[in-house]
Protein chains: 2
Amino acid sequence: MQEGTDTSSGHPAVTAGVEWRGDVYAANCPTRLLLDRIADKWTVLLLTTLADEPMRFNALKRRIEGVSQKMLSQTLRQIERDGLVTRTVEATVPVSVTYAITPLGQTLVQALQPMIDWAETKMPEVGLAQAAYDQHAA
Amino acid sequence: MQEGTDTSSGHPAVTAGVEWRGDVYAANCPTRLLLDRIADKWTVLLLTTLADEPMRFNALKRRIEGVSQKMLSQTLRQIERDGLVTRTVEATVPVSVTYAITPLGQTLVQALQPMIDWAETKMPEVGLAQAAYDQHAA
């Protein structure tokens, strides 16, 4: 395949001066690497939570049931580095750390909304499929 | 919070005779459990690949770089159980196993498209944010 001629994946060949590989299925495609991260349940739950209002670390931990301290820290650091949230430290005792969504993060939340709507509306159909599968498998 | 009165998460209180807990952030919410699975990179890559045409197991393995045999089998079994793909076995030697997307799966691919578009178009902005973060951290 000639460089810059693949349009099948929807990649622009050149964006903002960066030359792209045109295959999201290739392990080293930059967009694939980004998709690896945003297609992640903790990222989705954190961003949709922060889209409503800024929150402190401990409040996020309480809000998102089942997330470990380590996973929460790690995911927050990653999405801060990606420019999706900001981290503000106030010199209280103990220190208060507040996370807020950025305008870029808001655009991602909008893009994730159809997936969340799908999960909320299609759950009964998925449940029926699972019941049929399990009966067949039994 | 009173049962069935929460509309903040977009949950219908009752759908298809199933009573929902209205909080996608709760670890035992059925929609949260579903989101855990569809917000997964292998699921996204498999479904978008199969949306174009049915494919055999080995072709999928070649198409999606970096996926292990075990992870591919496991994800395919899960999305088959969810009613998103079908699995057809032909009695050739060796046996041919073909996966195809279902109409339900197609609706999910449509719902995932904005997220994929976001990853493809916003990559440069994320890259700039990462460079600024790394410079600050260094």
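Here is the naming used below: chain letters follow the sequence lines, and residue numbers restart at 1 for every chain.
Along residues 69-89 of chain A, the residues that come nearer than 4.5 angstrom to chain B, judged on non-hydrogen atoms, are R77(A), E80(A), R81(A), D82(A), G83(A), L84(A) in order of number. Residues of residues 91-109 of chain A lying under 4.5 angstrom from chain B, judged on non-hydrogen atoms, are L104(A), T107(A), L108(A) by number. Within residues 40-52 of chain B, the residues approaching chain A closer than 4.5 Å by heavy atoms are, in numerical order, D40(B), K41(B), W42(B), V44(B), L45(B), T48(B), T49(B). Interface residues of residues 126-135 of chain B toward chain A, defined by a heavy-atom distance below 4.5 Å and sorted by number: V126(B), A129(B), Q130(B), Y133(B), D134(B).
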TODO: Under the side-chain contact (heavy atoms from CB on, under 4.5 Å) rule, what do R56(A) and E90(A) come out as? Steps first, then yes or no, please.
DONE: CA-CA 11 Å; R56(A) 295 199 181 162; E90(A) 285 169 274; 4.1 Å; yes
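To the nearest 0.5 angstrom, K61(B) atom NZ is 13.0 Å from M55(B) atom CE. The CD atom of E125(A) sits 8.0 Å away from atom CH2 of W118(A), with the distance rounded to the nearest 0.5 Å.
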